[in-house]
**Q** 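Structure provided below as structure tokens; questions to follow.
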Amino acid sequence: MRITVVCVGKLKEKYWRDAIAEYSKRLSRYHKLDIVELPDEKTPDNMSEAQELEVKKKEGERICKAIKDDAFVVALAIEGKTRSSEELADFMQKKAVSGVSHMVFVIGGSLGLSNDVMQRADDTISFSRMTFPHQMMRVILLEQIYRAERINRKEPYHK
């Protein structure tokens, strides 16, 4: 299966880039992995609700353009479904067996995902009700995809 991570914002710190590189290398044994970084919109302090919606809309348009029509899309959102590592592994395996050849995980900007992106999503996932830096979520996501592959292959690593 081909995995694409579409994310808003760039990784500025070397330690995040190093972590992404490590998990990308590990995942290359199992999947073709693409990471698509999209520019984020400026978010000044004390934005109005209308300004926030406009930021999400612009970021959402970029995200939707980056997603291929035939992709199965999983949006990362606080209100998404929570899954254990084993449940994520099972979910990914079932999708692969059912014919999904391209899965796209979407990580939005600091304000979250637009309604358009959420409507395009075939599924949602939440890693926690807590808010995490987007750079960290990329690392956590890649680590969990790697863990899922190890679980599905009954290879050591999971515990």
Side-chain angles (χ1 to χ4, degrees), residues 1-11 13 15-38 40 52 56 59-159:
M1 180 186 310
R2 184 169 148 213
I3 303 281
T4 301
V5 177
V6 175
C7 40
V8 174
K10 293 202 176 289
L11 294 178
E13 294 86 359
Y15 55 89
W16 293 128
R17 291 191 307 269
D18 289 346
I20 294 296
E22 177 61 27
Y23 282 108
S24 295
K25 182 178 83 173
R26 291 182 186 196
L27 276 167
S28 69
R29 294 180 51 205
Y30 308 111
H31 298 289
K32 179 180 179 348
L33 174 69
D34 295 307
I35 298 176
V36 178
E37 284 187 342
L38 302 171
D40 55 348
E52 286 186 11
K56 285 170 56 170
E59 291 177 347
E61 287 169 356
R62 287 188 201 116
I63 291 168
C64 288
K65 284 180 187 173
I67 298 172
K68 304 282 188 233
D69 289 340
D70 64 341
F72 184 90
V73 178
V74 180
L76 275 67
I78 286 177
E79 65 273 11
K81 298 172 195 162
T82 57
R83 292 185 171 97
S84 67
S85 295
E86 295 87 354
E87 289 168 335
L88 178 63
D90 186 56
F91 169 79
M92 290 183 68
Q93 187 171 47
K94 284 179 179 172
K95 291 303 171 193
V97 169
S98 72
V100 171
S101 61
H102 184 197
M103 188 173 287
V104 175
F105 291 90
V106 178
I107 303 172
S110 62
L111 299 176
L113 295 168
S114 70
N115 288 335
D116 288 343
V117 174
M118 293 302 289
Q119 288 175 0
R120 172 60 180 92
D122 298 295
D123 208 324
T124 59
I125 190 167
S126 173
F127 283 86
S128 173
R129 290 180 50 124
M130 295 180 190
T131 302
F132 296 103
H134 291 80
Q135 301 91 328
M136 185 181 292
M137 273 318 304
R138 273 195 233 182
V139 176
I140 292 170
L141 173 63
L142 291 181
E143 190 281 335
Q144 285 298 301
I145 294 170
Y146 175 69
R147 183 178 297 272
E149 291 308 321
R150 301 291 288 198
I151 290 169
N152 286 336
R153 289 170 170 73
K154 300 185 182 3
E155 296 174 347
Y157 174 80
H158 176 51
K159 296 189 179 187

**Q** For the atom pair OG (Ser110) and CD (Glu52), what is the distance rounded to the nearest 0.5 Å?
**A**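 Those atoms lie 8.5 Å apart.
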**Q** Just verifying a value: how many Å separate Met136 CE and Thr131 OG1, rounded to the nearest 0.5 Å?
**A** 12.0 Å
**Q** Give a yes or no on whether the backbone of Arg2 and the side-chain of His102 come within a donor-acceptor separation of less than 3.5 Å.
**A** no
**Q** To the nearest 0.5 Å, tell me how far Ile140 CD1 sits from Arg147 CZ.
**A**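 These two atoms lie 11.5 Å from each other.
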**Q** Please determine if Asp122 and Lys95 form a salt bridge, counting it only when a charged side-chain N lies under 4.0 Å from a carboxylate O.
**A** no
**Q** Find out whether Arg129 and Thr82 are in side-chain contact, i.e. whether some heavy atom of one side chain is under 4.5 Å from a heavy atom of the other.
**A** no
**Q** Mind checking whether Met92 and Glu149 have side chains closer than 4.5 Å, heavy atoms only?
**A** yes
**Q** Give me the atom names and distance for the closest heavy-atom approach of Glu37 to Leu11.
**A**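 In terms of heavy atoms, the two residues are closest at OE2-N, 3.5 Å.
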**Q** Considering only heavy atoms from C-beta outward, does the side chain of Leu38 approach that of Glu59 to under 4.5 Å?
**A** no
**Q** Nearest 0.5 angstrom please: Arg150 CZ to Ser85 OG, how far?
**A**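 These two atoms lie 14.0 Å from each other.
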**Q** Does a side chain donor of either Glu79 or Ser126 reach within less than 3.5 Å of an acceptor in the other side chain?
**A**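 No pair is found: no donor N or O on one side chain lies under 3.5 Å from an acceptor on the other.
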**Q** What are the two closest heavy atoms between Met1 and Ala96, and how far apart are they?
**A** CE-CB, 3.5 Å
**Q** Can we say Asp116 and Arg120 salt-bridge, meaning some charged N sits less than 4.0 Å from an Asp/Glu carboxylate O?
**A** no
**Q** Please report the interatomic distance OH(Tyr23) to CD(Gln144), rounded to the nearest 0.5 Å.
**A**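 Tyr23 OH to Gln144 CD: 9.0 Å, rounded to 0.5 Å.
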**Q** Is the closest side-chain heavy-atom distance between Glu155 and Arg29 below 4.5 Å?
**A** yes
**Q** Taking the side chain as every heavy atom from C-beta outward, state whether Cys7 and Ile35 have any pair of such atoms under 4.5 Å apart.
**A** yes
**Q** For Ile3 and Ile145, work out which heavy atoms get closest and say how close.
**A** CG2-CD1, 4.1 Å
**Q** Please step through side chain to side chain contact (heavy atoms under 4.5 Å, CB included) for the pair Val8 and His134, ending with a clear verdict.
**A** CA-CA 8 Å; Val8 174; His134 291 80; over 6 Å; no
**Q** Do you know the tightest heavy-atom contact between Ser24 and Leu142?
**A**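 Heavy atoms of Ser24 and Leu142 come nearest at OG-CD1, 4.1 Å.
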**Q** How about CG on Asp18, more than 12 heavy atoms from neighbouring residues, nucleotides or ligands closer than 6.0 Å, or not?
**A**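 Check passes, neighbour count above 12.
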**Q** Of all heavy-atom pairs between Lys56 and Gly112, which one has the smallest distance, and what is that distance?
**A** CG-O, 4.1 Å
**Q** Could you grab the distance from atom CG of Leu88 to atom CG of Asn152, nearest 0.5 Å is fine?
**A**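 CG of Asn152 is found 8.5 Å from CG of Leu88.
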**Q** Within a strict 4.5 Å, meaning less than it, do heavy atoms of the Trp16 and Arg138 side chains meet?
**A**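 When only atoms from C-beta onward are counted, Arg138 and Trp16 do not touch, as no gap falls below 4.5 Å.
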**Q** Output yes when Glu61 and Lys65 qualify as a salt bridge under the 4.0 Å nitrogen-oxygen rule, no when they do not.
**A**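 No, Glu61 and Lys65 are not salt-bridged.
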**Q** Could you walk me through whether Val74 and Val104 pass side chain to side chain contact (heavy atoms under 4.5 Å, CB included), step by step?
**A** CA-CA 6 Å; Val74 180; Val104 175; over 6 Å; no
**Q** In sequence, state the C-alpha distance, the side-chain angles, and the governing distance for Val106 and Ile67, and then conclude on side chain to side chain contact (heavy atoms under 4.5 Å, CB included).
**A** CA-CA 9 Å; Val106 178; Ile67 298 172; 4.0 Å; yes
**Q** Salt bridge or not between Glu22 and Lys25? Use side-chain N to carboxylate O under 4.0 Å.
**A**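 Looking at Lys25 together with Glu22, the answer is yes, because their closest N to O distance falls below 4.0 Å.
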**Q** Please report the shortest heavy-atom distance between Leu33 and Leu27, naming the atom on each side.
**A** CD2-CD1, 4.2 Å
**Q** Does Asp34 reach the main-chain N or O of Thr4 with its side chain, forming a donor-acceptor pair under 3.5 Å?
**A**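 It does not hold such a pair.
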**Q** Yes or no on side chain to side chain contact (heavy atoms under 4.5 Å, CB included) for Ile125 and Phe91, after CA distance, side-chain angles and deciding distance?
**A** CA-CA 11 Å; Ile125 190 167; Phe91 169 79; over 6 Å; no
